[in-house]
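Accompanying notes for the structure given below.
Chain letters run A, B, ... following the sequence lines, proteins first, then strands; residues in each count from 1. Side-chain atoms are counted along with the backbone in the values below, which use heavy atoms only and exclude waters and symmetry mates.
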Amino acid sequence: DGGITQSPKYLFRKEGQNVTLSCEQNLNHDAMYWYRQDPGQGLRLIYYSQIVNDFQKGDIAEGYSVSREKKESFPLTVTSAQKNPTAFYLCASSPQRDRGEDTQYFGPGTRLTVL
Amino acid sequence: QKEVEQNSGPLSVPEGAIASLNCTYSDRGSQSFFWYRQYSGKSPELIMSIYSNGDKEDGRFTAQLNKASQYVSLLIRDSQPSDSATYLCAVSSVDSSASKIIFGSGTRLSIRP
């Protein structure tokens with residue numbers, strides 16, 4: 001059953017803690033993305049990766065880090081440097097990042113709350 | 001700065017009527033256009049993609065694209081209560097030889113019985 005999985009579904013973080021959000025896909029997609037969504041807002045791009053061992057900053061990368069050691073996996077770490085991390089985090093993937101193959105499909109999301 | 005604009009709504013439509021959702025974008029070089037549906041607390045789900053001027057129909061959904069006016073719309077015929085959701089318009093633009101998708105903030109649609 002192909003798709004994108006994210007875990008955990010809900011995550012609570014204390015001030016000063018780093019937390020890591022998991023994203024796995026078995027669609028054999030090359031490109032993967034992380035977005036943040038705040039209530040009533042659109043999606044803002046945090047990081048993206050087109051190939052293994054390579055990734056680029058999106059529009060709001062400060063306070064976040066990623067890795068892409070495997071094609072299937074693109075974990076996101078929310079560091080203590082991110083001052084307002086409470087949000088809905090969405091992982092997406094697409095076959096390519098080139099024109100015509102860039103349709104993005106989303107995982108179910110992780111809701112992060114800072115206590 | 002490249003932008004995608006949508007009316008935030010809420011747009012209230014009676015059951016069985018046609019719902020019309022609109023989106024404008026700023027980058028004339030945009031190549032791919034998408035509509036996603038997002039239920040409250042859930043992730044976006046792709047409804048339609050459109051790449052050429054004109055209409056594209058899929059069941060009760062029709063996407064319309066006018067590149068000259070930088071305008072894309074989504075029509076939902078025979079609206080059902082299950083269509084109540086937020087609809088996100090997304091536009092793909094070329095940036096450093098690779099595409100980048102920009103999302104609008106969404107239009108909240110409510111279908112009233």
Side-chain angles (χ1 to χ4, degrees), chain A residues 2-7 9-10 21 23 25 27 29-51 54-61 87-113, chain B residues 1-11 21 23-27 29-52 56 58 63 67 85-109:
Chain A
I4 305 171
T5 58
Q6 291 185 242
S7 62
K9 186 174 181 180
Y10 298 98
L21 284 58
C23 178
Q25 55 98 0
L27 301 169
H29 285 174
D30 286 325
M32 297 187 74
Y33 312 82
W34 274 105
Y35 292 92
R36 168 182 174 141
Q37 188 176 36
D38 294 282
Q41 303 293 315
L43 278 63
R44 291 186 290 168
L45 181 64
I46 304 173
Y47 268 98
Y48 63 93
S49 169
Q50 295 177 254
I51 56 172
D54 188 45
F55 48 84
Q56 284 79 40
K57 293 181 179 180
D59 300 317
I60 56 164
F88 189 39
Y89 289 86
L90 290 159
C91 178
S93 70
S94 64
Q96 299 279 341
R97 202 170 179 260
D98 300 328
R99 191 183 314 169
E101 292 286 338
D102 54 358
T103 303
Q104 293 186 16
Y105 301 91
F106 287 86
T110 292
R111 195 166 298 279
L112 173 63
T113 302
Chain B
Q1 185 173 348
K2 298 171 184 176
E3 294 181 341
V4 176
E5 300 285 345
Q6 296 181 254
N7 189 320
S8 62
L11 174 65
L21 304 164
C23 172
T24 59
Y25 59 94
S26 62
D27 183 9
S30 298
Q31 298 289 328
S32 308
F33 306 85
F34 309 92
W35 282 101
Y36 288 84
R37 177 176 62 199
Q38 187 175 24
Y39 293 114
S40 180
K42 303 295 185 183
S43 64
E45 171 192 10
L46 180 71
I47 298 176
M48 299 270 298
S49 58
I50 186 167
Y51 302 94
S52 315
K56 179 181 178 182
D58 184 0
K67 290 186 178 180
T86 296
Y87 288 81
L88 302 175
C89 173
V91 176
S92 175
S93 300
V94 175
D95 180 8
S96 301
S97 79
S99 68
K100 177 179 181 180
I101 292 184
I102 299 171
F103 288 83
S105 57
T107 297
R108 192 154 48 96
L109 174 65

Practice prompt. Under 4.5 Å, counting heavy-atom pairs only, tell me which of B/S105, B/G106, B/S8, B/A90 racks up the most with chain A.
Written response: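 Looking at each option in turn, the highest pair count goes to B/S105.
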Fill in: For chain B, the option from A/P108, A/A92, A/G58 that forms the most heavy-atom pairs under 4.5 Å
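Highest number of heavy-atom pairs under 4.5 Å: A/P108.
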Item to complete: To the nearest 0.5 angstrom, please state how far the CD atom of A/Q37 sits from the CG atom of B/L88.
Response: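 So the CD of A/Q37 and the CG of B/L88 are separated by 6.5 Å.
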[X] and [Y]: which non-hydrogen atoms are nearest, and at how many Å?
X      : Y      : result
A/F106 : B/P44  : CB-O, 3.6 Å
A/F88  : B/Q38  : CE2-NE2, 4.1 Å
B/F34  : A/T103 : CE2-OG1, 3.3 Å
B/Y36  : A/Q104 : OH-O, 2.6 Å

Counting only heavy atoms closer than 4.5 Å, note whether [X] contacts chain B via side chain, backbone, both or neither.
X      : result
A/Q6   : neither
A/R111 : side chain
A/L43  : both

